[in-house]
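Below is one structure; the comments refer to it alone.
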2 protein chains.
Amino acid sequence: MVGVRLEPIPARESGSALFGGRKQFVLPEVETEFDNLARRISFAPKTTVFAESEPSIAVYTLTRGTAGLYKMLADGRRQIVGFALPGDFLGSPFSDRYACSVDAIGEVAARQFPREAFLEFLRANPKSLYLMLEAALQETNAARDHMLLLGCGTAEEKFAEFIITWRARIGHGSALSNLVPLPMSRRDVADYLGLTIETVSRVLAKLEREHVVHVIPNALQLMGSAERPLLFERSHKAA
Amino acid sequence: MVGVRLEPIPARESGSALFGGRKQFVLPEVETEFDNLARRISFAPKTTVFAESEPSIAVYTLTRGTAGLYKMLADGRRQIVGFALPGDFLGSPFSDRYACSVDAIGEVAARQFPREAFLEFLRANPKSLYLMLEAALQETNAARDHMLLLGCGTAEEKFAEFIITWRARIGHGSALSNLVPLPMSRRDVADYLGLTIETVSRVLAKLEREHVVHVIPNALQLMGSAERPLLFERSHKAA
DNA sequence: CGGCTACTTGACATCTATCAACCGGGGTGG
DNA sequence: CCACCCCGGTTGATAGATGTCAAGTAGCCG
């Protein structure tokens, strides 16, 4: 086990959906033009926004709720590759088929854009294109950070990294709270971390025994005083 | 264990460096302009092209050899997030620091571009920007495919997926050969798959015992007749 | 109240990591 | 030219983490 403090956590990559919410790729001056392309649409909890390999007819930006992006194997094994929050972009604009599936976790609202219209918008707005490329590279990097976790981390390290990153994402702008909402199920967490739900449960039990966290339905209370090593330490700190 | 045929393998994502080599983001008509920005540079085997967290002063396109991209933890655990082949783009154009490290595996040659000049080129060439965004999204998807492997795969599945994807990448254009060169060390393979070198070695021994492959120094002979299930099956086939 | 689902807990199995020995090829230097 | 060493790789014995299977609990909704 390798440890690091829990608190400061130099704000790392989003680990998010396609693009972390903070990265706005539509500039204010073209926003209404962009919005005109959109159709508002919402999804009930546990319903599918789109599924991998379906024809990619539209792209989305999430406006409310949380969604899970995942890829699956034929026998049902599933890897959640990210969680999307409001502001995140979803879809495969350059592909004829969606590259992964997206399920609403709770109630979800989104703006839907026909794929072709979206591409046309991009072609007409190089500045947006530029910002979106920047966001896409950040996203690739976030995926690679998660690869590091999946390939090298222990169960406890995986969970710790998850909860800290998640807390940073939803704390977004406002101060970080020690009461961290967890809208997703244990199965979602397990599939995100490459673990089983039982292992996640046991890690939680252990952290609770050690007074690092308090387990609450749909949330987690981080024990503020906890200077306990929780996370694995990167060889190079984030910028 | 879940099986799938070895042969057809619908050409999947690159799993590559920053951008799969086949994706040319510099159009012919601006290529000389682009090249004028470049400085040719080469790297001896096992040397570092750049390291994570170093100032991001230049970006590169690989012209010869193979490179490994990786991220590390403080205690030395390493995750190789991809291998780069000629044509692949390397660097963190939008960041002040490199997002991951790159080591030459064998002898490597590359073109080096000052980061600012590269960004200026992108801003001046929306078409390149567009193609690069497309490539970046492919790369994100490849990273997510690898996340699926790292999170869900067994040792044997991981190795099989690796060897098949690698073979497809270097076969690139020409017919796929059953003699697959492996310029990287066992350690590289292990760190790419989230395994130990011993486990990789044992998987190879097992596959050899079962006449699926023949192990050769710096290469692997795939036994053509092998209809043996080797890979894990995706729930949705690639497009 | 009953039954469902999500979650937890326990006992056990298994895969992969760990630790250690060994092998073989290539380079180096005597 | 040979001996040696070093390094990468293989193989074996063992241990440990996590997965599997099964039972039990708690909350929630009908």
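Everything quoted here is computed from the prediction, not taken from an experiment. The chains referred to below are lettered A, B, ... by the order of the sequence lines, with proteins before strands, and numbering in each begins at 1.
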* Does any donor-acceptor pair link the side chain of B/Arg209 with the base of D/dT11 at a separation under 3.5 Å? -> no
* **Length of the line joining B/Glu156:CD and C/dC15:P, which is rounded to integer Å** => 11 Å
* Round to a whole Å and report the spacing from CD of B/Glu157 to P of C/dT16. => 9 Å
* Euclidean distance, atom CZ of residue A/Arg78 to atom C1' of D/dG19 [Å, nearest integer] -> 17 Å
* **Any A/Thr199 side-chain N or O less than 4.0 Å from OP1/OP2 of D/dT18** => no
* Under-3.5 Å donor-acceptor pair between B/Glu198 side chain and C/dC19 base -> yes
* Contact class for A/Leu204 vs. all strands (heavy atom < 4.0 Å): base, sugar-phosphate, or nothing? -> nothing
* Donor-acceptor pair present, A/Arg202 side chain and C/dG10 base, under 3.5 Å -> yes
* For atom CZ of B/Arg186 and atom C1' of D/dG9, their distance in whole Å -> 7 Å
* To do: Give, for atom CZ of B/Arg97 and atom CZ of B/Phe50, the distance between the pair rounded to the nearest 0.5 Å.
  => 14.0 Å
* Structure fact -> In whole angstroms, the gap separating C1' of C/dA17 from CG of B/Asp191 amounts to 14 Å
* Structure fact -> Tightest non-hydrogen contact, residues A/Leu179 and A/Ala219, listed as CD1-CB, 4.2 Å
* Roughly how far, to the nearest 0.5 Å, is the CG atom of B/Leu182 from the CD1 atom of B/Ile170? -> 7.5 Å
* Could you say whether B/Arg187 or A/Val200 is positioned toward the 5' end of DNA chain D, judged by the nucleotide with the nearest heavy atom to each? => B/Arg187
* Run through A/Leu149, A/Ile80, A/Thr199 and flag the one making a side chain to side chain contact (heavy atoms under 4.5 Å, CB included) with A/Leu193. => A/Leu149
* Can you tell me how far C1' of D/dT10 sits from CD1 of B/Ile216, to the nearest Å? -> 17 Å
* Looking at D/dG8, D/dT10, C/dT18, which one has an atom nearest to any side-chain atom of B/Ser201? -> D/dT10
* Please report, rounded to the nearest Å, how far the P atom of C/dT16 is from the CD1 atom of B/Ile197. => 16 Å
* Atom CZ in B/Phe113, atom CZ in B/Phe89: separation rounded to 0.5 Å? -> 8.5 Å
* Structure fact -> Rounded to whole Å, the NZ-P distance (A/Lys158 to D/dT18) equals 8 Å
